[in-house]
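First the structure, in the form of structure tokens, and then the observations on it.
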Amino acid sequence: MINQRIKIKALLSEEATGREVTVMGWVRTFRNNQFISLNDGSTNTNLQIVAELGQFDESLLKKITTGAALKVKGMVVPSIGKGQKIELKATELEVLGECPADEYPLQPKKHSLEFLREIAHLRFRTNTFGAVFRVRHALAYAIHKFFHEKGFIYIHTPIITASDAEGAGEMFRVTTLPLEHLPRDENGNIDYRQDFFGRSTNLTVSGQLEAELAATAFSEVYTFGPTFRAENSNTTRHLAEFWMIEPEMAFYDLEDNMLLAEEFIQYIIRFAMEHTAEDLAFLAQRLAEEEKQLPQDKRSEMSLTEKLEFVVNNRFERVTYTDAIEILKESAPNKKKKFQFPVTGWGMDLQSEHERYLVEKHFRKPVIIYNYPGAIKAFYMRQNDDGKTVAAMDILVPGIGEIVGGSQREERPEKLLERMRSMNIPEKELWWYLDIRRFGSVPHSGFGLGFERLVQFVTGMNNIRDVIPFPRTPGNAEF
Ligand code: ATP
Ligand code: MN
């Protein structure tokens with residue numbers, strides 16, 4: 001058995017001197033042939049290890065290079081150096097894995113995020129990515145905790161789906177048909193009857209439709225899983241593979257839905273603030289330094305910490321789509337023709353520049369926009385009595401834009417059918433979805449939260465590629 005170590009996080013928080021411990025980790029730096037700073041991923045803070053001069057073989061010390069894996073036994077002593085209360089006075093040093101200094105791409109200096117993306121297999125070992133992925137973990141844990149405490153049931157919805165009706169985005173096809181000679185039917189079309197599932201299948205773009213089925217039995221459910229969209233949009237907020245949280249609740253109207261989403265977002269951010277305070281402080285500092293490079297007007301008015309505190313302590317603004325259009329029409333950038341997409345009027349889809357104006361300039365806080373025109377929203381959203389709008393809501397946050405999309409679902413079978421027909425949604429394929437409206441249909445609602453967008457918001461990372469370990473984007477599936 002090898003695992004008799006203490007994690008550096010525990011050691012640093014106990015601060016108990018005068019005892020012997022074993023630690024293991026990777027060398028961040030080795031100074032003056034004497035001071036090793038060691039990191040094991042449990043915390044951003046490195047442990048200082050002192051290898052007293054003359055105590056160890058030169059040949060051993062030569063192998064202690066940045067990146068090398070070490071096992072160290074030693075005595076915990078008070079530190080005289082600044083920045084740490086304790087250090088480890090080494091009595092035994094063992095190099096578990098050498099790391100040739102001239103080949104190791106991670107040097108103890110500042111690397112650009114772009115460069116680190118190219119060595120994503122190693123970037124976990126940097127301070128920034130260590131912090132980002134510990135925060136990501138805390139958020140994921142808090143999500144399950146929140147729903148569990150409320151009595152929601154976690155449902156695993158399928159990753160391979162046959163329905164291509166949802167229309168949330170372009171899909172990736174799943175097939176075992178030979179691409180070199182595709183089987184054809186009588187009409188010359190590809191014959192998916194010969195495919196693995198006997199029909200054409202795709203990777204899921206959302207687990208919502210299946211979650212709705214479960215909600216009509218358990219009343220409150222959620223999904224948390226990967227979703228896939230073959231959207232060829234190379235933005236800082238879109239991935240081809242991302243994780244989504246989709247709660248679905250029976251006996252909730254749009255108002256209940258908004259309240260839950262707000263409470264949920266505040267809860268998980270608060271959890272991360274309490275449990276990853278050190279990492280968030282580091283990330284706030286990182287962001288502040290990055291923003292120093294920007295012109296004054298491009299910098300955030302609030303620090304990351306202030307922004308998160310603001311979000312957990314203030315109600316989100318609620319505004320109807322109709323009012324939002326009025327605000328945008330009258331806005332300075334629209335009047336000065338500064339928007340790339342001019343605000344043409346009621347019925348238009350909001351572009352991200354419009355959303356960002358509302359959130360960052362007009363309201364300066366998270367905003368819930370609701371009651372959108374039916375024509376620009378999905379078929380399953382509940383029709384409002386005005387005959388024009390549907391009970392949809394999007395939540396927008398500063399710096400990111402849309403983080404949540406949700407709605408009250410259409411529970412009335414005639415209304416749903418009518419809307420499906422007018423939008424050319426194949427009702428035959430969705431027989432099971434329609435069944436739910438025939439057998440004990442109830443008002444119900446739900447929303448989808450893009451997990452990486454949330455992690456971006458909380459960590460202050462600008463690019464969505466830097467909050468998922470191995471990003472999948474157009475032209476990129478390395479690792
Ligand atoms: P957007 O307009 O930003 O493309 P959307 O309207 O396509 O978003 P929905 O279909 O409502 O988004 O999906 C729910 C949530 O999933 C969004 O609010 C967002 O947080 C997240 N999301 C959507 N597409 C992506 C993507 N390609 N990469 C990462 N997250 C995404
Ligand atoms: Mn989209």
Side-chain angles (χ1 to χ4, degrees), residues 136 139 143 157 161 164-172 202-209 211-212 222-248 254 257-258 261-262 264-265 268-269 316 321 341 348-356 358-359 366-370 372-373 375-381 390-409 445-459 461-477:
R136 183 179 165 116
L139 290 167
I143 286 164
T157 51
T161 58
D164 59 359
E166 222 243 325
E170 290 297 307
M171 297 197 280
F172 289 100
N202 303 284
L203 292 180
T204 184
V205 292
S206 155
Q208 179 202 316
L209 302 190
E212 281 186 55
Y222 70 107
T223 72
F224 185 176
T227 47
F228 307 86
R229 296 190 187 177
E231 40 199 2
N232 213 341
S233 52
N234 246 314
T235 76
T236 55
R237 297 170 303 108
H238 289 90
L239 291 165
E241 175 181 293
F242 65 99
W243 288 67
M244 187 143 66
I245 299 102
E246 295 180 279
E248 199 62 43
L254 188 67
N257 200 19
M258 291 194 245
E262 185 181 48
F264 171 56
I265 291 171
I268 54 186
I269 295 180
F316 298 178
Y321 165 89
F341 298 89
M348 68 177 286
D349 209 352
L350 297 182
Q351 300 294 328
S352 75
E353 58 178 346
H354 306 136
E355 298 178 343
R356 294 189 72 153
L358 289 170
V359 180
V367 177
I368 310 182
I369 304 181
Y370 65 100
Y372 281 83
I376 57 169
K377 288 289 182 186
F379 76 90
Y380 48 74
M381 299 189 177
V390 291
M393 61 120 176
D394 280 0
I395 303 185
L396 318 175
V397 296
I400 312 283
E402 180 184 332
I403 195 166
V404 162
S407 66
Q408 183 170 344
R409 319 306 188 189
S445 299
F447 60 86
L449 171 81
F451 187 48
E452 284 75 19
R453 296 222 183 140
L454 172 81
V455 182
Q456 269 189 287
F457 181 70
V458 176
T459 58
M461 298 300 284
N462 228 325
N463 195 316
I464 198 163
R465 292 164 181 76
D466 296 331
V467 298
I468 187 164
F470 302 106
R472 298 291 179 250
T473 51
N476 191 1

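The first residue in the sequence is number 1, and the count goes up from there. Counting convention: from 1, in listed order, for ligands and their atoms alike.
Comparing R237, E355, E402 by heavy-atom distance to atom 11 (O) of ligand 1, the nearest is E402. Among E241, H238, E246, the residue whose heavy atom lies closest to atom 1 (P) of ligand 1 is H238. One option in F242, W243, F447 has a heavy atom closer to atom 30 (N) of ligand 1 than any other, and that option is F242. The option with the heavy atom closest to atom 10 (O) of ligand 1, from among K377, R229, M244, E231, is R229.
Less than 4.0 angstrom separates some heavy atom of V404 from each of these atoms of ligand 1: 18 (O). In the vicinity of G448, heavy-atom distances shorter than 4.0 Å reach the ligand 1 atoms 14 (C), 15 (C).
Using cut-offs of 30° and 60° on the angle between ring planes, the pair F341 and H354 is perpendicular. Using the six-membered ring where Trp is involved, F228 and F172 have ring planes that are perpendicular, over 60° apart on the 30 and 60° scheme.
With 3.5 Å as the limit, one finds no donor-acceptor pair spanning the side chains of E452 and Q456. Y380 and E212 share no side-chain donor-acceptor pair at under 3.5 Å.
Close to ligand 1: R453, with a non-hydrogen atom less than 4.0 angstrom away. Under the 4.0 angstrom criterion for non-hydrogen atoms, I464 is in contact with ligand 1.
Distances between N or O atoms of L239 and those of ligand 1 include at least one value under 3.5 Å.
Among the candidates W243, F242, F457, F224, the single residue satisfying the ring pair (Phe, Tyr, Trp, His ring centres under 6.0 Å) test with F451 is F224.
A donor-acceptor contact shorter than 3.5 Å links the side chain of R229 to the backbone of V205. Here the side chain of R453 pairs a donor or acceptor atom with the backbone of R237 at under 3.5 angstrom.
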